[in-house]
Amino acid sequence: MEGCAMNRSDFELSLRDKGQFYHIHHPYHKAMYSGQCTPEQIRGWVANRYYYQIMIPRKDAAIMANCPDAGVRQQWMQRILDHDGHDGDCGGIEAWLCLAEAVGLSRKEVIDQRHVLPGVRFSVDAYLNFARRATWQEAACSSLTELFAPEIHQSRLDSWPQHYPWIDEGGYSYFRKRLSEARRDVEHGLCITLDHFTSPDQQARALDILQFKLDILWSMLDALTMAYSHNTPPFHTVTDKQIWHRGL
């Protein structure tokens, strides 16, 4: 990359500008927070997103495994505890299962991943594999989609109770938890990124990594759109009996 490196402030602004590609702008998510989704579409999203949720602690463990800095590992450990639970806190994965029950899914059908679409599985696995193989600073940078997460959680808390009164209010605990957790986490991940990616080439690399993660989240919703909006099975050989259908 030619030219001078961005100063710290401009680099942060460039990272934050990537928010225009965040999946809050995807048509599937827009339909969710505007009340246009059917119960089946909401359940499909919750069931598929669970696969992403259970991979978050494994992604964070991969970052820690590659990081030689004890101080960073100690701080990053909180992310795993937030999702897996600790000291009386049920954790984010359990909170997600409560959301699943609130929208009418059973724990069994979510945990056994019967509804996870191939496109969603491929996207999430790609993210986990990246975190395992990248440097720990690059993998930390990929977590910066948390810059935009509070907005998406707040949009659900603001709109879902109004548009989807059939969802049990108790299911929203995950979104409430992440409002504060995501803000805390992003301060750490942003500091790592701003400290490490200082040359023009490194800063370009960081922006590419963040775009990669944004593409992961967008692709997951593309797969859901095909299955639950266009009613297109993931493979042409899949019959109606094999694909999830609740008759709603």
Side-chain angles (χ1 to χ4, degrees), residues 45-103 105-113 115-116 120-121 123-125 127-157 160 167-193 195-196 213 216-217 220:
W45 176 76
V46 171
N48 276 270
R49 179 80 180 190
Y50 173 78
Y51 188 67
Y52 178 84
Q53 298 303 129
I54 62 174
M55 290 300 179
I56 292 175
R58 295 175 63 183
K59 174 267 297 183
D60 290 326
I63 292 173
M64 292 174 59
N66 290 330
C67 178
D69 188 319
V72 172
R73 293 198 305 270
Q74 289 166 359
Q75 196 165 348
W76 207 272
M77 171 68 76
Q78 186 60 48
R79 297 170 184 247
I80 296 178
L81 298 176
D82 286 343
H83 281 84
D84 284 344
H86 66 101
D87 298 331
D89 182 343
C90 67
I93 294 174
E94 173 61 26
W96 196 266
L97 287 170
C98 290
L99 172 64
E101 291 178 316
V103 302
L105 293 162
S106 70
R107 283 175 172 256
K108 184 177 186 300
E109 66 183 313
V110 175
I111 292 172
D112 68 19
Q113 303 173 23
H115 306 310
V116 177
V120 169
R121 191 179 298 276
S123 297
V124 175
D125 288 351
Y127 180 39
L128 178 60
N129 288 331
F130 172 81
R132 286 170 169 165
R133 296 169 183 169
T135 67
W136 69 268
Q137 296 98 331
E138 289 179 333
C141 176
S142 72
S143 294
L144 284 184
T145 47
E146 291 169 336
L147 283 166
F148 324 115
E151 179 184 2
I152 207 169
H153 294 316
Q154 191 63 59
S155 74
R156 294 162 187 156
L157 290 169
W160 281 30
I167 298 177
D168 189 316
E169 287 278 345
Y172 296 132
S173 63
Y174 177 85
F175 304 139
R176 295 190 184 97
K177 277 172 55 69
R178 289 306 297 165
L179 282 174
S180 59
E181 291 173 354
R183 291 188 180 99
R184 179 207 64 214
D185 290 347
V186 77
E187 290 181 9
H188 187 212
L190 183 59
C191 184
I192 290 171
T193 300
D195 286 347
H196 178 74
K213 174 61 182 307
I216 291 289
L217 297 173
M220 290 169 63

From [X] atom [atom1] to [Y] atom [atom2], the distance as rounded to the nearest 0.5 Å:
X	Y	atom1	atom2	result
Ile111	Lys108	CD1	NZ	9.5 Å
Tyr51	Met220	OH	CE	10.0 Å
Cys67	Gln137	SG	CD	7.0 Å
Trp160	Leu157	CH2	CG	10.0 Å
Ile93	Met55	CD1	CE	10.0 Å
Asp185	Leu190	CG	CG	12.0 Å

Closest contact, heavy atoms only, [X] versus [Y]:
X	Y	answer
Arg79	Gly189	NH2-N, 3.8 Å
Cys90	Glu94	O-CB, 3.4 Å
Ala139	Ala134	N-CB, 4.3 Å
Ile192	Ala140	CG2-CB, 4.2 Å
Ala100	Val110	CB-CG2, 3.8 Å
Pro68	Asn66	CD-O, 3.5 Å

Any ion pair linking [Y] and [X] (charged N to carboxylate O, less than 4.0 Å)?
X	Y	answer
Arg58	Asp84	no
Lys177	Asp89	yes
Arg184	Glu146	no

(message) Is there a side chain to side chain contact (heavy atoms under 4.5 Å, CB included) between Leu217 and Tyr52? Walk through the geometry before answering.
(response) CA-CA 9 Å; Leu217 297 173; Tyr52 178 84; 3.9 Å; yes

(message) Donor-acceptor check, side chain of Asp168 to backbone of Val103, threshold 3.5 angstrom: yes or no?
(response)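 Checked: no pair found.
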
(request) Before giving the answer on ring pair (Phe, Tyr, Trp, His ring centres under 6.0 Å), spell out for Tyr174 and Trp96 the whole-Å C-alpha distance, their side-chain angles and the decisive distance to 0.1 Å. (result) CA-CA 6 Å; Tyr174 177 85; Trp96 196 266; 5.0 Å; yes

(request) Carefully, step by step, assess Phe130 and Arg133 under the rule side chain to side chain contact (heavy atoms under 4.5 Å, CB included). (result) CA-CA 5 Å; Phe130 172 81; Arg133 296 169 183 169; over 6 Å; no

(request) Taking atom CD of Glu151 as the centre, report whether more than 12 heavy atoms of other residues, nucleotides or ligands fall under 6.0 Å from it. (result)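 No - once you tally the heavy atoms of other residues, nucleotides and ligands closer than 6.0 Å, there are 12 at most.
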
(request) Count the heavy atoms belonging to other residues, nucleotides or ligands that lie under 6.0 Å from CZ of Arg107, then report whether that count exceeds 12. (result)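 Yes, because the 6.0 Å sphere around CZ of Arg107 holds more than 12 heavy atoms from other groups.
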
Mind checking whether [X] and [Y] have side chains closer than 4.5 Å, heavy atoms only?
X	Y	value
Glu138	Ser142	no
Leu105	Val46	yes
His188	Val72	yes

(message) Pair Leu99, Tyr50 - check side chain to side chain contact (heavy atoms under 4.5 Å, CB included), show working.
(response) CA-CA 10 Å; Leu99 172 64; Tyr50 173 78; over 6 Å; no

(request) With side chain to side chain contact (heavy atoms under 4.5 Å, CB included) as the test, would you mind laying out the steps for Ile63 and Arg73 before giving the verdict? (result) CA-CA 8 Å; Ile63 292 173; Arg73 293 198 305 270; over 6 Å; no

(message) Is it the case that the side chains of Lys59 and Ser143 hold a donor-acceptor pair, with the cut-off being a distance below 3.5 Å and no angle test?
(response)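 Ser143 vs Lys59: donor-acceptor pair found between side chains.
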
